[in-house]
Structures are given as structure tokens and as C-alpha cells.
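Only heavy atoms go into these numbers, but all of them, side chains included; no hydrogens, no water, no symmetry mates. Just so you know, these numbers come straight off a predicted model, no measurement behind them.
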Amino acid sequence: MEIIIALLAALGLGSGATVFIIRNLYYICQPSEVLIFAGSRRSTENDRTVGYRLVKGGSSIRTPLLEQAFHMDLTNMIIELKVANAYSKGGIPLQVDGVANIKIAGEEPTIHNAIERLLGKTRQEIERIAKDTLEGNLRGVLASLTPEQVNGDKLAFAKSLLEEAEDDLQQLGLILDTLQIQNISDEVGYLDSIGRQQRAELFRDSRVAEAQAKADAAIRTAENHKMTQLKKLETEVEVSKAEAERRVADAMTKRAAVVAESESETAAEVARTQAEVSVQKERIKQVEQQLQADVVAPAEAECKRRSLGRVGMLPKLLKMGKLKLKVHDGWLSPGKQPVLMLGKFSFIRSWKSY
């Protein structure tokens with residue numbers, strides 16, 4: 001900086017000097033690049049002494065006569081990979097097509113490797129170096145994997161390739177952002193046979209899975225139907241039970257009503273019967289009184305009359321010797337007529353016929 005100030009003083013701080021400094025000494029660093037001012041010595045973060053200084057983002061002034069400025073592009077580079085006759089584990093030659101996205105490292109300490117190995121090279125030369133490195137790593141990874149492993153899991157294959165190439169690219173000062181395997185093929189048809197076998201296995205598995213799914217669906221349908229029928233039966237049982245309980249309750253109510261009605265009718269009938277009995281008793285009394293007055297009393301009077309008439313005939317009959325009488329001593333008493341007993345029943349009979 002002191003040299004710049006001295007230079008400006010020597011040039012008289014004129015407008016021409018200002019234009020000269022801006023056009024030849026003042027550098028602006030774009031966000032997608034890094035400026036390298038070679039010539040001045042400095043220490044890095046790991047106490048390593050290098051003969052340049054870095055400017056990433058911003059601006060700086062180059063020291064005249066002592067420093068030289070370089071630009072290093074940090075933008076992405078697309079590398080198309082195409083490896084043919086790369087032998088896999090088992091001796092099957094494979095052809096692999098892929099795409100890698102790489103860039104020059106913009107952070108320390110990897111950027112120092114890029115400056116030492118790639119500074120001054122064109123972009124095409126950097127891409128060719130990265131491509132050769134990646135294809136070599138790709139062949140090394142293929143040699144450790146079987147065709148089934150390579151073709152079966154391309155993501156795992158790409159991950160193995162990233163791990164394999166990472167150290168080599170860092171030594172070059174490069175960073176591998178992404179790597180995609182686009183196609184894997186072979187000229188002997190080995191992968192096609194594997195594909196047919198896999199398709200057959202997939203078809204078989206799909207048929208088995210379909211049959212299993214249908215069986216599971218049928219089982220679920222049957223179970224659902226069974227549960228539905230059980231629920232229906234339970235509902236019907238509950239309804240029948242409720243209906244039976246209702247009928248029992250109705251029967252009990254009706255029975256109570258019928259019993260109450262029967263008891264009421266019986267009580268009414270008993271009351272009517274009792275009233276009828278009372279009436280009949282009164283009628284019987286009336287009939288008895290009527291019979292007493294109309295039949296019995298006249299009959300008794302007639303009988304008494306006849307008896308008195310026949311008693312008056314006793315002396316005549318005694319004189320005729322047709323009747324023997326015994327007089328009981330105890331039956332005679334003062335003031336009373338003697339009581340006579342008929343001695344023979346034949347006399348009574350004859351007397352009645354008399």
C-alpha cells in the first residue's frame with residue numbers, strides 16, 4: 001500500500017494516474033470466481049506458507065511489479081461419463097453412462113490444491129482431468145461389484161463411486177456435487193437375462209401378491225359378513241327378547257285386568273245370589289205361611305175333627321169287643337181323662353179302615 005501511495009504521489013495524483021490505477025491495478029472479484037494475486041508470501045490457516053493471496057468476493061488492488069493477478073472460475077462443470085468394457089466382479093464387461101457435476105473448491109484448504117494443480121489451465125483441460133479421474137474411479141468401483149449389484153441398486157452404486165472419487169478429486173482441488181448413473185448395459189446380454197428373470201420374478205410376486213390380496217379381501221369380506229350377521233342376530237335376539245318381555249308384561253296386565261274383572265263379576269254374582277237367597281227365603285216363608293194357612297191348618301183341623309169323631313166311637317167299639325185297651329196307672333191323674341193305648345196294631349189298622 002505504501003508503494004501505491006508513493007506511485008500516486010509520483011504521478012502527481014492526476015486524473016490520468018487514477019484511470020491507470022483503475023484499469024490496470026484495481027480488480028473486482030465476482031461471486032462465482034476467486035482472485036489470486038501471486039507474488040506476495042503469506043501463511044495459511046494451517047501455518048503453511050504460500051506465495052499468493054486470495055480474494056473471494058469484493059475487490060483488491062494489485063501491487064505493481066510485485067504481484068500478478070489470476071482469475072479462477074468456480075462455476076459448475078458438467079462432465080459426461082461413458083465407460084465401455086469395464087469388467088465387473090465375475091468378468092462381465094459393462095458399459096456405464098452417467099453425468100457428474102463438479103466445480104473447483106472455493107474454500108480453504110482444498111482451494112490451495114486447485115491453485116497448485118489447475119491454475120493457468122483452461123476450463124476444457126480441467127473438465128478432461130476430472131473426467132479421466134471419475135472414469136478411473138468408476139472402473140475401480142465396477143470391479144468390486146457384480147452386475148446384479150450394479151444394476152439392482154444404482155443409487156448405492158453412485159454412492160460408492162462418490163466415496164471412491166472424493167479423495168482423488170480433493171487432491172485436485174475439485175468438489176463432486178452430484179453424480180447420476182443414467183444407463184448400465186452390456187454387449188453379451190447378461191443384464192437382459194437378469195432383467196427377464198427379474199421381470200418373471202416380479203410377475204410371479206405380483207401374481208402371488210394379487211392372489212394374497214384377493215384372499216385377504218375375501219377373508220375380510222367373510223369376517224365382515226360374519227360380524228354383520230352376528231350383529232343382526234344379536235339385534236334380532238334383543239328385539240325378540242324385548243317383544244317377549246312386552247308380551248309377558250301385556251299378558252300380566254291383561255291377566256290382572258281379567259282377574260279383577262272376574263273377581264268383580266264373581267262379587268256381583270255373589271251379591272246377586274245372596275240377594276236372591278234372601279228373596280227366596282222370604283218367598284219360602286211366604287209359601288210356608290201360605291201353606292200353613294191354606295193347607296196345613298185346614299188339614300190339622302180336619303184331622304182333629306175326625307180324631308174327635310173316632311174317639312167318640314170308642315165306647316161303642318169296646319162294647320163290641322173289638323178293641324182292648326190298657327190303662328197305665330201312672331197316666332191317671334185327678335181331673336184328667338184316662339189315656340188309652342191301643343193294645344193291638346190290628347185294631348189300629350181296622351180302626352183306620354173303619
Quiz item: Is Lys56 salt-bridged to Glu107, going by a charged N under 4.0 Å from an acidic O?
Solution: yes
Quiz item: Is the shortest heavy-atom distance from the side chain of Asn183 to the side chain of Val96 under 4.5 Å?
Solution: no
Practice problem: Answer yes or no: are there more than 12 heavy-atom neighbours, outside Leu65 itself, under 6.0 Å from its atom CG? | Solution: no
Practice problem: Assign the ring pair Phe37 / Tyr27 to parallel, tilted or perpendicular, where the plane angle (0 to 90°) is split at 30° and 60°. | Solution: perpendicular
Quiz item: With a 4.5 Å heavy-atom cut-off, do Val239 and Val237 have their side chains touching?
Solution: no
Quiz prompt | Spacing of CE belonging to Met72 relative to CG belonging to Leu54, to within rounding of 0.5 Å | solution = 9.0 Å
Quiz prompt | Nearest-0.5 Å distance that lies between atom NZ in Lys231 and atom CD in Gln229 | solution = 13.0 Å
Quiz prompt | Neighbour count above 12 (heavy atom, 6.0 Å) for Glu108 CD | solution = yes
Quiz prompt | Interatomic distance, Arg220 atom CZ to Asn224 atom CG [nearest 0.5 angstrom] | solution = 8.5 Å
Exercise. Taking the side chain as every heavy atom from C-beta outward, state whether Leu35 and Arg53 have any pair of such atoms under 4.5 Å apart.
Key: no
Quiz item: Do Lys89 and Leu145 come within less than 4.5 Å of each other through their side chains, counting heavy atoms only?
Solution: no
Practice problem: Check whether more than 12 heavy atoms from other residues, nucleotides or ligands sit under 6.0 Å from atom CD of Glu80, and answer yes or no. | Solution: no
Quiz prompt | Shared hydrophobic cluster, Val50 / Val34 (ILVMFWY, side-chain heavy atoms < 4.5 Å) | solution = yes
Practice problem: Check step by step if side-chain hydrogen bond (donor to acceptor under 3.5 Å, both in side chains) holds for Glu282 and Gln286. | Solution: CA-CA 6 Å; Glu282 293 297 327; Gln286 292 178 359; 5.4 Å; no
Exercise. Can you measure from CZ (Arg139) to CG (Leu94) and round to the nearest 0.5 angstrom?
Key: 10.5 Å
Exercise. Of all the heavy-atom pairs spanning Leu74 and Ala105, show the shortest one and how long it is.
Key: CD2-O, 4.0 Å
Quiz item: Any Lys/Arg nitrogen of Glu243 or Arg247 sitting under 4.0 Å from an Asp/Glu carboxylate oxygen of the other?
Solution: yes
Exercise. Look only at the side chain of Glu125 and the backbone of Thr122, and say whether a donor-acceptor pair between them is shorter than 3.5 Å.
Key: yes
Practice problem: Following the transitive rule for hydrophobic clusters with a side-chain heavy-atom cut-off under 4.5 Å over Ile, Leu, Val, Met, Phe, Trp and Tyr, establish whether Ile129 and Ile102 coincide in one cluster. | Solution: yes
Quiz prompt | Side chain Gln171, main chain Asp168, donor-acceptor under 3.5 Å | solution = no
Self-check item: Closest non-hydrogen atom pair, Glu67 against Arg62
Solution: O-NH1, 3.0 Å
Practice problem: Return yes when atom CZ of Arg207 has more than 12 non-hydrogen atoms of other residues, nucleotides or ligands closer than 6.0 Å, and no otherwise. | Solution: no
Quiz prompt | Transitive ILVMFWY side-chain link Ile115 to Phe70, under 4.5 Å | solution = yes
Quiz prompt | Linked, directly or transitively: Ile181 and Leu176 (ILVMFWY side chains, under 4.5 Å) | solution = yes
Practice problem: Return the minimal non-hydrogen interatomic distance between Cys29 and Gly57, and the atom names on each side. | Solution: SG-N, 3.3 Å
Quiz item: Between Leu81 and Glu135, what is the shortest heavy-atom contact and its length?
Solution: CD2-CG, 4.0 Å
Self-check item: Salt-bridge present (Arg272, Glu276; N to O < 4.0 Å)
Solution: no
Exercise. In sequence, state the C-alpha distance, the side-chain angles, and the governing distance for Met77 and Asn101, and then conclude on side-chain contact (heavy atoms from CB on, under 4.5 Å).
Key: CA-CA 6 Å; Met77 292 178 285; Asn101 292 322; over 6 Å; no
Exercise. Identify the heavy atoms of Ala165 and Leu134 that sit nearest to each other, and give their distance.
Key: CB-CD2, 3.7 Å
Quiz prompt | Beyond-backbone contact of Ile175 with Leu169, side-chain heavy atoms, under 4.5 angstrom | solution = no
Quiz item: Roughly how far, to the nearest 0.5 Å, is the OG1 atom of Thr110 from the CG atom of Leu172?
Solution: 11.0 Å
Quiz prompt | Pairwise distance OG(Ser160) to CG(Asn137) - rounded to 0.5 angstrom | solution = 12.0 Å
Quiz item: Is a side-chain N or O of Thr273 found less than 3.5 angstrom from the main chain of Glu269, in a donor-acceptor match?
Solution: yes
Quiz item: Stepwise, does the side-chain contact (heavy atoms from CB on, under 4.5 Å) test hold for Arg41 with Thr49?
Solution: CA-CA 7 Å; Arg41 301 182 65 83; Thr49 301; 3.3 Å; yes
Practice problem: Determine, stepwise, if the pair Gln68 / Tyr52 fulfils side-chain contact (heavy atoms from CB on, under 4.5 Å). | Solution: CA-CA 9 Å; Gln68 185 177 358; Tyr52 53 86; over 6 Å; no
Self-check item: Side-chain heavy-atom pair Asp177, Lys103 within 4.5 angstrom cut-off
Solution: yes
Self-check item: Heavy-atom side-chain contact between Ile79 and Val99 under 4.5 Å
Solution: no
Practice problem: Please say whether more than 12 non-hydrogen atoms of neighbouring residues, nucleotides or ligands are located less than 6.0 Å from CZ in Arg123. | Solution: yes
Quiz item: Quick check: does any side chain N or O of Ser88 sit under 3.5 Å from a backbone N or O of Ile92, one acting as donor and the other as acceptor?
Solution: yes
Quiz item: Charged N to carboxylate O below 4.0 Å: is that the case for Arg246 and Asp250?
Solution: yes
Practice problem: Check whether any side-chain N or O of Glu238 sits under 3.5 Å from a backbone N or O of Glu234 as a donor-acceptor pair, and report yes or no. | Solution: no
Quiz prompt | Any Leu174 side-chain heavy atom under 4.5 Å of Leu118 side chain | solution = yes
